[in-house]
Amino acid sequence: MKFSAFASTVLLLGFRVEAFTPSSCISHPRTIQTSLHVAAEPTKTSGDWAPDSWTTKKASQMPVYDNQEELQAAVGRLERCSPLVFAGEVRSLHEQLARACHGQGFLLMGGDCAEAFNEFNVDHVRDTFRVLLQMALVLTFGSSLPVIKVGRMAGQFAKPRSEPDEVRGDVSLPSYRGDIINREEFTAEARRNNPHNMVEAYHQSAQTLNILRAFATGGYADISRLQAWNLDFVEQTEEGSRYRQFATKVDESLRFMKAIGVDTSSATFSKTDFYTAHECLLLPYEQALTRKDSTTGRWYDCSAHMLWVGERTRELDGAHLEFTRGIGNPLGVKISDKCTPEELIRICDTMNPNNTPGKLTIIVRMGAEKLRKNLPGLIRAVQREGKSVLWISDPVHGNTRKTENGFKTRDFDNIRAELRAFFDVHDEMGSHPGGVHLEMTGEDVTECTGGVSDVTEDTLGDRYNTYCDPRLNGSQALEIAFLIAERMRKRSGLPPIE
């Protein structure tokens, strides 16, 4: 037991990964990790690719703008704006994801279903950032792996819709597609697809990134502060619960480090890397923020460090795969039970033609039962073809339902069941369960039922604030992290916490 606590302490010593700094400027302490330098490798992009080559393909889920001159004016204005992120930051994330592909990391992605203009404030950004860091600390302790932290933030404005129009009574208007496209109010003026919303989204994203950079490097990410917040969470649980036992072990490790003279107030324990990602959906916006890196000559979409293509837009001959195949950013693709092994291999070939580790993340969203049935065949195909991918679970999207009183919600037990199925399948297949992707917020909302916060169908209306899909609240998200950490601890061969 003493050795286990000491091993956990050594793990915590490596918690920090430097934030928002090109990897060439960083002296990394974790020398045991593989140095892959994959982000610097030349990319074999077809000569017919350009930032606007997607316009020759069918573009699903795209808004129709009634004034093309207005659209071009907005795109032109964005093209003159500064990049939101920089190529060196993107390459640093890519290197970390490449190590995760080799089993040397775990990807934590989380944030709002969709950001909104009128919800933007420092506290909202801070609260979600805080919970993600709390989750990362728990996951680091449990998995014995570095945790890569990526927020669905600073760009997650657009949302795909099932129907192009919404009908209320005798009135039909364009569906609400997120604030970057139109507004939620059910009026003709609000639902008009307004290209200037892209400019407003850019400026809000810039502010969000400024806030995140300040919090990541200014001491807010201090490891002792994170543990104190985690102890606040476990106070909500029953005496003797596994959450309390787990948090106690982390606390013991921190106390041990201080006792042997480790300065836990130093920059090593008070700064962290934090990256941003969003769904690559609104292609005029993405194209306008795509820049050629002056040092490598490669194209990067500078709207975010990482982008993913959704289940509804991943057509092999579609515009979204055409756009993403030419950019240097790490990419994700969401797949459901509708994806066949043959289709997945073709997606890999299109989005990652060089088969570069860390380039492509497969985000699995199926529901527990369908996952157990379909995921083994997909993993088997990837293993057979030698494709380098990072597998992560999105356990929320396949578990959405509508209650009798009209609320869209997700049940905590179903989310937990899908995560359990994800880990079970990877254990069976000998593959690496490399991360989790959650729609969540740091706020105390009541949108998903169950968990320690004990939200029920009757209390959903208390603080149901989402503009789109239901989100896990801060307590539910942190509880998920504890559950994953327990599973990862078992997987890594460490004894259970008792």
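- Under the 30°/60° scheme for interplanar angles, the aromatic rings of Phe117 and Phe157 are found to be tilted.
- Thr361 is not listed as a side-chain neighbour of Val389, based on a closest heavy-atom distance of 4.5 Å or more.
- Gln104 CD to Leu97 CG: the interatomic distance, rounded to the nearest 0.5 Å, is 12.5 Å.
- Side chains of Leu390 and Ile392 form a contact here, defined as non-hydrogen atoms less than 4.5 Å apart.
- Between the CG atom in Leu375 and the CD1 atom in Ile379 there is a gap of 3.5 Å [rounded to 0.5 Å].
- Side-chain atoms of His102 and Pro357, non-hydrogen and from C-beta on, do get closer than 4.5 Å to each other.
- Using modelled atom types, one finds no donor on one side chain facing an acceptor on the other under 3.5 Å when comparing Ser388 with Asn355.
- Classification of Lys57 and Asp317 as a salt-bridged pair fails, no side-chain N sitting under 4.0 Å from a carboxylate O.
- Remark: the backbone N or O of Pro470 is paired with a side-chain donor or acceptor of Arg410 at under 3.5 angstrom.
- Using a 4.5 Å heavy-atom threshold, the side chains of Ser393 and Val364 count as separate.
- Thr55 contributes a side-chain N or O that, together with a main-chain N or O of Asp52, makes up a donor-acceptor pair within less than 3.5 Å.
- Remark: side-chain polar atoms of Trp299 are not paired, donor with acceptor, to backbone N or O of Ala50 under 3.5 angstrom.
- Panel note: side chain His432, backbone Gly105; a donor-acceptor pair is recorded below 3.5 Å.
- Between Arg372 and Asp337 there is no salt bridge, since no side-chain N of the basic residue sits under 4.0 Å from a carboxylate O of the acidic one.
- Nearest heavy-atom pair across Thr272 and Ala221 is CG2-CB, 3.8 Å.
- Taking the salt bridge (Lys or Arg N to Asp or Glu O under 4.0 Å) definition, one finds that Asp462 meets it with nothing, sequence neighbours left out.
- Residues Ile335 and Ile362 meet the side-chain proximity criterion, which asks for heavy atoms closer than 4.5 Å.
- Around atom NZ of Lys408, more than 12 heavy atoms belonging to other residues, nucleotides or ligands sit under 6.0 Å away.
- Judged by distance alone, the side chain of Thr290 and the main-chain N or O of Glu286 form a donor-acceptor pair under 3.5 Å.
- The line from CG of Leu209 to CE of Met153 is 9.0 Å long, rounded to the nearest 0.5 Å.
- With sequence neighbours excluded, the residues forming a salt bridge (Lys or Arg N to Asp or Glu O under 4.0 Å) with Arg168 are Glu166, listed by chain and number.
- The main-chain N or O of Lys249 is found under 3.5 Å from a side-chain atom of Ser253 such that the two form a donor-acceptor pair.
- A distance of 7.5 Å separates CG in Asp454 from OG1 in Thr459, rounded to the nearest 0.5 Å.
- Without hydrogens or angle criteria, Arg463 side chain to Asp444 main chain gives a donor-acceptor distance under 3.5 Å.
- Comment: Asp349 does not engage Arg346 in a salt bridge, judged by the lack of any side-chain N to carboxylate O separation of less than 4.0 angstrom.
- Side chains of Glu163 and Ser175: no donor on one and acceptor on the other come within 3.5 Å.
- Side-chain contact annotation: Ser303 with Asp301, donor-acceptor N/O pair under 3.5 Å present.
- Looking at Glu279 and Arg152, no side-chain N of the basic residue comes within less than 4.0 Å of a carboxylate O on the acidic one, giving no salt bridge.
- Residues Glu311 and His397 bring no donor and acceptor atom of their side chains to less than 3.5 Å of each other.
- Here the shortest heavy-atom pairing between Met62 and Leu282 reads SD-CA, 4.3 Å.
- Using modelled atom types, no side-chain atom of Lys370 and backbone atom of Ala368 make a donor-acceptor pair closer than 3.5 Å.
- Judged purely by atom type and a 3.5 angstrom limit, Glu418 uses its side chain to pair as donor or acceptor with the backbone of Gly367.
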Any chance you could lay out the salt bridge (charged side-chain N to carboxylate O under 4.0 Å, His left out) test for Glu447 and Arg471, step after step, and finish with the verdict? CA-CA 6 Å; Glu447 297 169 3; Arg471 303 160 295 175; 2.8 Å; yes
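- For the pair Val382 and Leu344, the minimum side-chain heavy-atom distance is below 4.5 Å.
- When every heavy atom of Ala477 is checked against every heavy atom of Val131, the shortest pair comes out as CB-CG1, 4.2 Å.
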Candidate pair Thr400 and Thr409, rule side-chain contact (heavy atoms from CB on, under 4.5 Å), full reasoning: CA-CA 6 Å; Thr400 307; Thr409 191; over 6 Å; no
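- The distance from the CE atom of Met198 to the CG atom of Leu289 is 9.5 Å, given to the nearest 0.5 Å.
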Apply side-chain contact (heavy atoms from CB on, under 4.5 Å) to the pair Phe412 and Arg416, showing each step before the final yes or no. CA-CA 6 Å; Phe412 187 90; Arg416 178 172 53 191; 4.3 Å; yes
Go through the steps to decide whether Val309 and Leu321 satisfy the test side-chain contact (heavy atoms from CB on, under 4.5 Å), and finish with yes or no. CA-CA 8 Å; Val309 177; Leu321 258 61; 3.9 Å; yes
As a quick check of understanding, evaluate side-chain contact (heavy atoms from CB on, under 4.5 Å) for Ser60 and Arg312, giving each step before the final call. CA-CA 8 Å; Ser60 300; Arg312 304 182 194 185; over 6 Å; no
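- Side-chain atoms of His437 and Arg365 include no donor-acceptor pair closer than 3.5 Å.
- Looking at Ser475 and Asn473, their side chains never bring a donor and an acceptor atom within 3.5 Å of each other.
- Aromatic ring pairs are classed by plane angle as parallel below 30°, tilted from 30° to 60° and perpendicular above 60°; the pair Tyr464 and Phe407 is tilted.
- Put simply, the side chain of Ser92 reaches to within 4.5 Å of the side chain of Tyr275, judged on heavy atoms.
- Ring centers of Trp308 and His278: at least 6.0 Å apart, outside the cut-off.
- We find the CD-CD distance between Glu343 and Glu315 to be 9.5 Å, quoted to the nearest 0.5 Å.
- In this structure, a donor-acceptor pair under 3.5 Å is absent between the side chains of Asn405 and Glu457.
- Side-chain contact, Tyr176 with Arg161: no donor N or O sits under 3.5 Å from an acceptor N or O.
- Of all non-hydrogen atoms in Phe323 and Cys280, the two that sit nearest each other are CD2-SG, 3.8 Å.
- No donor-acceptor pair under 3.5 Å is formed between the side chain of Lys159 and the backbone N or O of Asp179.
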Between Arg191 and Asp165, is the salt bridge (charged side-chain N to carboxylate O under 4.0 Å, His left out) condition met? List the steps. CA-CA 10 Å; Arg191 291 298 177 90; Asp165 298 307; over 6 Å; no
Given the rule in the salt bridge (charged side-chain N to carboxylate O under 4.0 Å, His left out) test, do Asp424 and Arg487 qualify, once you have shown the distances and angles that lead to the verdict? CA-CA 10 Å; Asp424 285 348; Arg487 182 62 183 260; 2.6 Å; yes
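- Considering every non-hydrogen atom in both Asp112 and Glu115, the closest pair reads CB-N, 4.4 Å.
- Listed here is the closest heavy atom pair of Leu283 and Ala319: CD1-CB, 3.7 Å.
- Checked against the 6.0 Å centroid criterion, the rings of Phe120 and His124 do not qualify as a close aromatic pair.
- With a 6.0 Å radius and a threshold of 12 heavy atoms from other residues, nucleotides or ligands, Glu369 has its CD atom at or below the threshold.
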